J.: 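Okay, handing you the structure first.
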Amino acid sequence: MMMMMKQLVIVFLLIGASVAQNRRDTGPAPAGDPVPAQQYIPPPKNWLTLNGSEPVVIARGGSSGVFPESSSLAYIMAKSNCLSNAIMLCNLQFSKDGLGVCLSDVRLNNITTINGAFKDQQTTKNINGNNVRGWFSVDYTLEQLGQLYLVQNVYTRSEAFDNTQPIPTPDTIYDLFYSQHNISAAKYITEYLQKLISNVYYISSPEIGFLKTMDRKVDHNTTKLVFMVLEPNAVEPTTNQTYGSILKNLTAIKSFASGIVVPKSYIIPVNNKTRYLEPATTLVTDAHNAGLQVYASGFANDIYSSYNYNFEPEAEYLTFIDNSQFAVDGFITDFPTTATEAIVCFALTNLNETRKDRPLIITHNGASGVYAGCTDLAYQQAVDDGADIIDCTVQMSKDGVAFCLESPDLIGKTTAATVFMSKATSVPEIQKERGIFSFDLTWTEIQSLKPQISSPFDKSNPPIIRNPEAKNKGKFVTLDGFLEFAKTKAVSGVLININNAAYLASKKGLGVVDAVTKALSNATFDKQSTQQVMIQSDDSSVLSKFQDVPAYKKVLHIRKEVSAAPREVVEEIKKYASAVTVTRTSVISTTESFTTNATNILRDLHSANISVYISALRNEYLSIAFDYLADPLIEVATFAQGVGVDGITTEFPATASKYFRSKCSDDVEKQDFRILPVVPGELLDVTDLKTRPNIIYHPALTVADIVRPPLPPVTPVSQSAPGSSGLVAPAPQGGVPTNVANIGLTLAAIMLFCLLSMGH
């Protein structure tokens, strides 16, 4: 619940000399000395903003998605990573002695270290009719506030920069409430603006009375007044009307303001139940007709709003500026770098054909971030999204049908838990957990199931799930069907992933290598060179089985995190493969969600002409290191341009394709602006040495990591019962049937199914 609080928000546009002076005053930038904002001349575009100009980016307290809001580091990062016309927003609060500071709230709770410095000095104040308890800036002098440090108040963001940044004044970058404490916000701002050197200033407030006062005091040639609209049912104190009702008379707002700031939901609502977008309102068009500019607020890469965006933050910005009806005049955002990318790199732009000198885009179970993995819909989406190589991890049914699915365990990827829990068993050779395995079900039984979209973060707090509208959509695909689809769609190539071959041959009598060989031959992939065929496995003996087909590219999958490949290991790899797939943290090491350094693995393998692919990229911010600003495009840029991998395996091929087709992926010499790769370890260097996490160093590859024993022959086994040995577990004492042992797991599956069915 949002409490209506009187506050004044000042937005400063700092350019030219004033910017340079502020940078010198704020100290070193995260990477050393501050670097200039990227100079940029907007190309001609038909923007549907009020005056036809490019939307502006307003950084809420700087890059507050990374550093504590309004800290010096936050402002420096925002000015360094954005365009030269980016606007820095300062939420202006006042001290007891009438001096201004930049803080997100008049209360110091949760945004500063006030609790430690003035532990027992909480007070209760009446703010717009509400009794609010806490520590308030007006109770402390500027000198006292100078003893405090800023902290990050969004729990999903890093605390590594807490207690290091002092509270800033506007120099580094609730009218009625403050007047009760003998503080004139209007006087302070008027005098402060006279000291600044800039072209234009923005003053924003949710109080109409204050804006009308300022309207008589400012130079309208250099100062813009903006009415900040709060939630629809919140009450504006001057008129005692709700903000929702005030917005119905835009002409009246125009009499004292040149624009409005509104939460983004006023413009494009999101259904509260489904989390999918609803049709856009006419607010922006109506406001433009009234002569008002519209600034949308509430943007943050790490706060998900709608499944429509597939966890790609640029897509959300584009919805507000790249459509045939309207464009907002600016964004207020915690991640100004991403907003800049959306405006410059993607909006109103025809994306180019993908460059030839770039890494391959390899799918991970198709476009499995959008549809259930390895289904016909996931593969079609991957093709539509611009994937180069589509993948099939081959599983085997009990009756020998080869099909595509990420894991032989059907739990989580299908609805098997609701139907075949009695067939759950333990197979320690494959995984620690009990599962329902494909090789214990016939293909007919598997086809009776539905696929199920899954997310590696569906058990996080709060859970992050993917595209629930398509949760069970799509059909399972046989290996033969997959290869036929690939030929029909003329994709650049296919990757066939083979796991657990030794187990299947010796314990289940299933020859997965033989099945793959036959399927490729039947589809004539062994007799053509138009489409690349990659055979991937973590088992060197599997790759050896395909040495007789030189057209196939063999890829060794290294699952463990490693940092280097000594020469003797590289020579061993070359016996089996010409490419390797490694974890992304094997190329850029991380610790506690910070990148630490680029390892030597890429150099070692490239020196032997071995291609290196990384796996697997995801769009959800929980999977992305803090350095990438919760922006998957920056992660792609870092692996592609920063370190130079040869292939990117991703569950969201559209994101990688968008980056490579953008002009902002070109070299910096060719463009005024580009999406910059990060320097591994640079952000970690800014953290306090006392609280800096320990760096984890991964081991080097060894020959033992590479070489596997020869594959055993396919040995027919009894098909009487599931399990690694074909044996049924003995009944417990007392004569209870053996299937009772699975009751707990069955009940858990039923409860989960019921919850999911109810929309939880």
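All values reported here derive from a predicted model rather than from experimental measurement. Along the sequence shown, residues carry numbers from 1.
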J.: How many angstroms lie between atom CD1 of Ile614 and atom OG1 of Thr649, to the nearest 0.5 angstrom?
T.: 7.5 Å
J.: Please report the interatomic distance CD(Gln452) to OG1(Thr418), rounded to the nearest 0.5 Å.
T.: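 Rounded to the nearest 0.5 Å, the CD-OG1 separation comes to 8.0 Å.
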J.: Could you walk me through whether Lys658 and Glu314 pass the salt bridge (Lys or Arg N to Asp or Glu O under 4.0 Å) check?
T.: CA-CA 10 Å; Lys658 177 184 287 189; Glu314 286 82 3; 6.0 Å; no
J.: For the residue pair Phe476 and Ile446, what are the closest heavy atoms and their distance?
T.: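 Here Phe476 and Ile446 meet closest at CE1-O, 3.4 Å.
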J.: From Leu410 CG over to Ser407 OG, what is the distance, rounded to the nearest 0.5 angstrom?
T.: 8.0 Å
J.: Out of Val570, Ile573, Asp604, which residue meets the side chain to side chain contact (heavy atoms under 4.5 Å, CB included) rule with Leu701?
T.: Ile573
J.: More than 12 foreign heavy atoms under 6.0 Å from CG of Asn271: is that the case here?
T.: yes
J.: Val394 versus Asn497: any side-chain heavy-atom pair under 4.5 Å?
T.: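 No, every pair of side-chain atoms sits at 4.5 Å or beyond.
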J.: Ser544 side chain to Ser540 main-chain N or O, any donor-acceptor pair under 3.5 Å?
T.: yes
J.: Would you call the rings of Tyr307 and Phe311 parallel, tilted or perpendicular, taking 30° and 60° as the class edges?
T.: perpendicular
J.: Contact between Ile558 and Lys560 at the side-chain level, heavy atoms closer than 4.5 Å - yes or no?
T.: yes
J.: Is Glu572 salt-bridged to Lys575, cutoff N-O under 4.0 Å?
T.: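 A salt bridge is present here (some side-chain N lies under 4.0 Å from a carboxylate O).
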J.: Using side chain to side chain donor-acceptor pair (under 3.5 Å), reason through Lys450 and Thr415 one step at a time and then give a plain yes or no.
T.: CA-CA 6 Å; Lys450 292 182 179 180; Thr415 55; over 6 Å; no
J.: Is it true that the side chains of Glu429 and Asn500 contain a donor and an acceptor less than 3.5 Å apart?
T.: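 No, because no side-chain N or O of Glu429 sits under 3.5 Å from a partner of the opposite role on Asn500.
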J.: Compare all side-chain heavy atoms of Ser438 with those of Pro408 and state whether any distance is below 4.5 angstrom.
T.: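 The answer is yes, as the side chains (C-beta and beyond) meet within the 4.5 Å cut-off.
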J.: Between Asp646 (side chain only) and Pro359 (backbone N and O only), is there a donor and an acceptor less than 3.5 Å apart?
T.: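 Flag not set: sc Asp646 to bb Pro359 has no pair under 3.5 Å.
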J.: Checking Arg434 side chain against Ala424 main chain: does a donor-acceptor pair fall under 3.5 Å?
T.: yes
J.: Quick one: are the ring centres of Phe439 and Tyr503 less than 6.0 Å apart?
T.: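 Yes.
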J.: Identify the two heavy atoms, one from Asn472 and one from Pro451, that lie closest to each other, and give their separation to 0.1 Å.
T.: ND2-O, 2.9 Å
J.: So, taking the atom named NZ in Lys475 and the one named OG1 in Thr375, what distance separates them when rounded to the nearest 0.5 Å?
T.: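 Taking NZ in Lys475 and OG1 in Thr375, the distance rounds to 11.0 Å.
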J.: Examine distances only and state if a side-chain atom of Thr590 and a backbone atom of Ser593 form a donor-acceptor pair shorter than 3.5 Å.
T.: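 Such a contact is absent between Thr590 side chain and Ser593 backbone.
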J.: Please walk me through it: do Tyr379 and Asp391 pass side chain to side chain donor-acceptor pair (under 3.5 Å)?
T.: CA-CA 9 Å; Tyr379 289 128; Asp391 72 305; 5.1 Å; no
J.: Report the C-alpha distance between Asp705 and Thr702 in whole Å, list the side-chain angles of each, state the deciding distance to 0.1 Å, and finish with yes or no for side chain to side chain donor-acceptor pair (under 3.5 Å).
T.: CA-CA 5 Å; Asp705 296 324; Thr702 65; 3.0 Å; yes
J.: Between the side chain of Asn619 and the main-chain N/O of Pro632, is any donor-acceptor distance below 3.5 Å?
T.: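 No, the answer is negative, given that no donor and acceptor are paired below the 3.5 Å cut-off.
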J.: In Å and rounded to the nearest 0.5 Å, what is the NZ to CG distance from Lys518 to Leu520?
T.: 12.5 Å
J.: Could you tell me whether the side chains of Gln536 and Thr581 share a donor-acceptor contact shorter than 3.5 Å?
T.: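 Judged by distance alone, the side chains do pair up.
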J.: Between Lys423 and Glu445, is the closest basic N to carboxylate O distance under 4.0 Å?
T.: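 A salt bridge links Glu445 with Lys423.
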J.: Just wondering, more than 12 heavy atoms not from Lys273 lying within 6.0 Å of its NZ?
T.: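 Not more than 12 within 6.0 Å, no.
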J.: Can you confirm whether the side chains of Ser665 and Gln641 place a donor and an acceptor under 3.5 Å from each other?
T.: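 No donor-acceptor contact under 3.5 Å links the two side chains.
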J.: Give the intermediate values and the outcome of side chain to side chain donor-acceptor pair (under 3.5 Å) for residues Ser541 and Asp539.
T.: CA-CA 5 Å; Ser541 62; Asp539 191 332; 2.4 Å; yes
J.: Using only atom types and a distance under 3.5 Å, with no angle test, would you say the side chain of Ser657 pairs donor to acceptor with the backbone of Pro653?
T.: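 Checked: no pair found.
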J.: Walk me through whether Lys473 and Asp376 qualify under salt bridge (Lys or Arg N to Asp or Glu O under 4.0 Å).
T.: CA-CA 9 Å; Lys473 290 184 178 180; Asp376 58 337; over 6 Å; no
J.: Could you check whether any side-chain heavy atom of Arg466 comes within less than 4.5 Å of a side-chain heavy atom of Pro456, counting everything from C-beta outward?
T.: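 The answer is yes; the side chains approach within 4.5 Å.
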J.: Apply side chain to side chain contact (heavy atoms under 4.5 Å, CB included) to Arg275 and Tyr304, showing your working.
T.: CA-CA 9 Å; Arg275 305 308 301 169; Tyr304 297 136; over 6 Å; no
J.: Are Gln528 and Gln531 packed together at the side-chain level, in the sense that at least one heavy-atom pair is separated by less than 4.5 angstrom?
T.: yes
J.: Please examine the side chains of Arg618 and Phe457, heavy atoms only from C-beta on, and report whether any two atoms are closer than 4.5 Å.
T.: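 Counting from C-beta outward, Phe457 and Arg618 do come under 4.5 Å.
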J.: Judged by modelled atom types alone, do Thr478 and Asp480 share a side-chain donor-acceptor pair under 3.5 Å?
T.: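 Result is no, nothing qualifies.
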J.: Using modelled atom types only, decide if a donor and an acceptor are shared between the side chain of Ser537 and the backbone of Asn499 within a distance under 3.5 Å.
T.: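 Checking the backbone N and O of Asn499 against the side chain of Ser537, no donor-acceptor pair under 3.5 Å is found.
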J.: Under 3.5 Å, is there a donor on one side chain and an acceptor on the other for Lys398 and Thr442?
T.: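 There is no such pair between these side chains.
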J.: With a 3.5 Å distance limit and no angle check, can you tell me whether Gln395 reaches the backbone of Leu405 through a side-chain donor-acceptor pair?
T.: yes
J.: For the backbone of Ala523 and the side chain of Lys487, can you confirm whether one donor and one acceptor N or O come within less than 3.5 Å of each other?
T.: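 Confirmed, Lys487 side chain pairs with Ala523 backbone.
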J.: Look at the side chain of Ser455 and the backbone N and O of Ile464, then say whether any donor-acceptor pair between them is shorter than 3.5 Å.
T.: yes
J.: One pair to check against side chain to side chain contact (heavy atoms under 4.5 Å, CB included): Phe660 and Val636. What are the steps and the verdict?
T.: CA-CA 9 Å; Phe660 290 125; Val636 172; 4.1 Å; yes
J.: Could you tell me whether the side chains of Arg603 and Ser607 share a donor-acceptor contact shorter than 3.5 Å?
T.: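 No, no side-chain donor-acceptor pair sits under 3.5 Å.
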J.: Can Tyr613 and Val645 be said to form a side chain to side chain contact (heavy atoms under 4.5 Å, CB included), step by step?
T.: CA-CA 6 Å; Tyr613 311 141; Val645 299; over 6 Å; no
J.: Is the closest side-chain heavy-atom distance between Ile390 and Leu495 below 4.5 Å?
T.: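 Contact flag for Ile390/Leu495 side chains = no.
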J.: Show your working on disulfide (SG to SG under 2.5 Å) between Cys392 and Cys404 and close with a plain yes or no.
T.: CA-CA 5 Å; Cys392 170; Cys404 304; 2.0 Å; yes
J.: Applying side chain to side chain contact (heavy atoms under 4.5 Å, CB included) to Tyr697 and Glu561, what does each step give before you reach the verdict?
T.: CA-CA 9 Å; Tyr697 295 96; Glu561 292 181 304; over 6 Å; no
J.: With under 30° as parallel and over 60° as perpendicular, where do the rings of Phe639 and Tyr628 fit, or are they tilted in between?
T.: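 The arrangement is tilted - the two ring planes meet at 30° to 60°.
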J.: Between CD1 of Ile362 and OG of Ser615, what distance do you get to the nearest 0.5 Å?
T.: 8.5 Å
J.: Using a strict cut-off of less than 4.0 Å between a Lys/Arg side-chain nitrogen and an Asp/Glu carboxylate oxygen, indicate whether Asp538 and Arg559 qualify as a salt bridge.
T.: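 Answer for the salt bridge query: yes.
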J.: Is there a side-chain contact between Leu449 and Gln447 in this structure, where contact means two heavy atoms from C-beta onward sitting under 4.5 Å apart?
T.: no
